[in-house]
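Below you'll find the structure, written out as structure tokens, and then a few comments.
Residue indices begin at 1 and follow the sequence shown.
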Amino acid sequence: MSKKTGLFILAGVGIGLVSGVAPLTAHAADEATDAAANSEKTAADATDSAKATTETADSGVEVDLDKAAAKVKAVGEDIKARLTDRTSDSADAAKTPAKPANKKHAKKASLVAKKALSVPACDADNMRVVFSEPQCNCAQNEHSIKVSVINEGKKACSVPARPELYFLKHKEKQPLPLRLDALEEGHNYAPVVLAPSAKASAKIQWICHKAFPKNVHYKSHFVSVQFQNKAVRTPLKARFYGDKQKGAFYKATLFQVEK
């Protein structure tokens, strides 16, 4: 074997050793340990192989493969040390406790919720309900309207966080079987408090055309907003579409107090 050939073999061993070590992440500490053990074994194998294959080059100069193999082993030791350090860092990070939640913010939110719950519910006789003209989003096959409730009483009162709506057919008291698909996730929101003359608004959306492989639809003539003691009804001619299996639906945001 020539000197050049011997050096190429050692270079190949070194490259294979480095490329064979998988990068360590915080979620793979076990894999890092295995990779380090493999690196050490590969380096030891390279050393034994190098010692067994010391030859004389074509030019008559002896190639010192022992020194070259020692360098390969040193590379393996260095990789092992780095992997050990990263494993230690990952373990330390796992032991670090998560930062506590903002207690001040949580306490403030709790106080606001308790205050809202202590405010009497709005009387429908003191409330004015206003619906905007329907807006069409042709690209989404959607119609939307804004519903606003105004406190015309002399005292502050509260309304549910989300409008309680019922869509009705002409001369029928039974509401249409429409499913509410809330735009905000979660539940148990605190009521919205309205000072005298204050107004809160929410956005209502629904599918107004065939948009599913198999469609079902309902036609409304009125919409009613439910308060504590009774509902306020307003004319609304609309068609609500949905998937035949899941049913027609509408979306409603939470009430937001307008300034």
*Not counting sequence neighbours, list each pair that qualifies as a salt bridge (charged side-chain N to carboxylate O under 4.0 Å, His left out) and has a residue in residues 126-140.*
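Those involving residues 126-140 are Arg128-Glu152.
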*Only pairs at least two apart or in different chains count here, so list each salt bridge (charged side-chain N to carboxylate O under 4.0 Å, His left out) that has a residue in residues 205-232.*
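Passing the test, one end in residues 205-232: Asp125-Lys230.
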*Rounded to the nearest 0.5 Å, how far apart are NZ of Lys244 and NE2 of His217?*
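Separation between the atoms: 12.5 Å.
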*Could you state the interatomic distance from CZ (Phe131) to CD1 (Ile145), rounded to the nearest 0.5 Å?*
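If we round to the nearest 0.5 Å, Phe131:CZ and Ile145:CD1 are 5.0 Å apart.
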*asked:* Listing request: all disulfide bond (SG atoms under 2.5 Å apart) pairs with a residue in residues 141-179, at least two apart in sequence or in separate chains.
replied: Cys122-Cys157
*With sequence neighbours left out, write down each residue that passes side chain to side chain donor-acceptor pair (under 3.5 Å) with Asp123, or none if nothing qualifies.*
Asn229
*According to the interplanar angle, ranging from 0 to 90°, do the rings of Trp206 and Phe240 count as parallel (below 30°), tilted (30 to 60°) or perpendicular (above 60°)?*
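Geometry flag for Phe240 against Trp206: tilted rings.
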*Determine the minimum heavy-atom distance between Arg162 and Leu180, stating which atoms define it.*
CD-CD2, 3.9 Å
*asked:* Tell me if a side-chain donor or acceptor on Asn151 pairs with a main-chain N or O of Leu194 at a distance below 3.5 Å.
replied: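 A pair under 3.5 Å: yes.
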*Using modelled atom types only, decide if a donor and an acceptor are shared between the side chain of Ser220 and the backbone of Leu236 within a distance under 3.5 Å.*
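The answer is yes, because a donor-acceptor pair under 3.5 Å joins these two groups.
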*asked:* Checking one residue: Phe249. Which other hydrophobic residues are in its cluster under the side-chain 4.5 Å linking rule?
replied: Ile207, Phe212, Tyr241
*Please identify each residue that fulfils side-chain contact (heavy atoms from CB on, under 4.5 Å) with Val216, with sequence neighbours left out.*
Tyr218
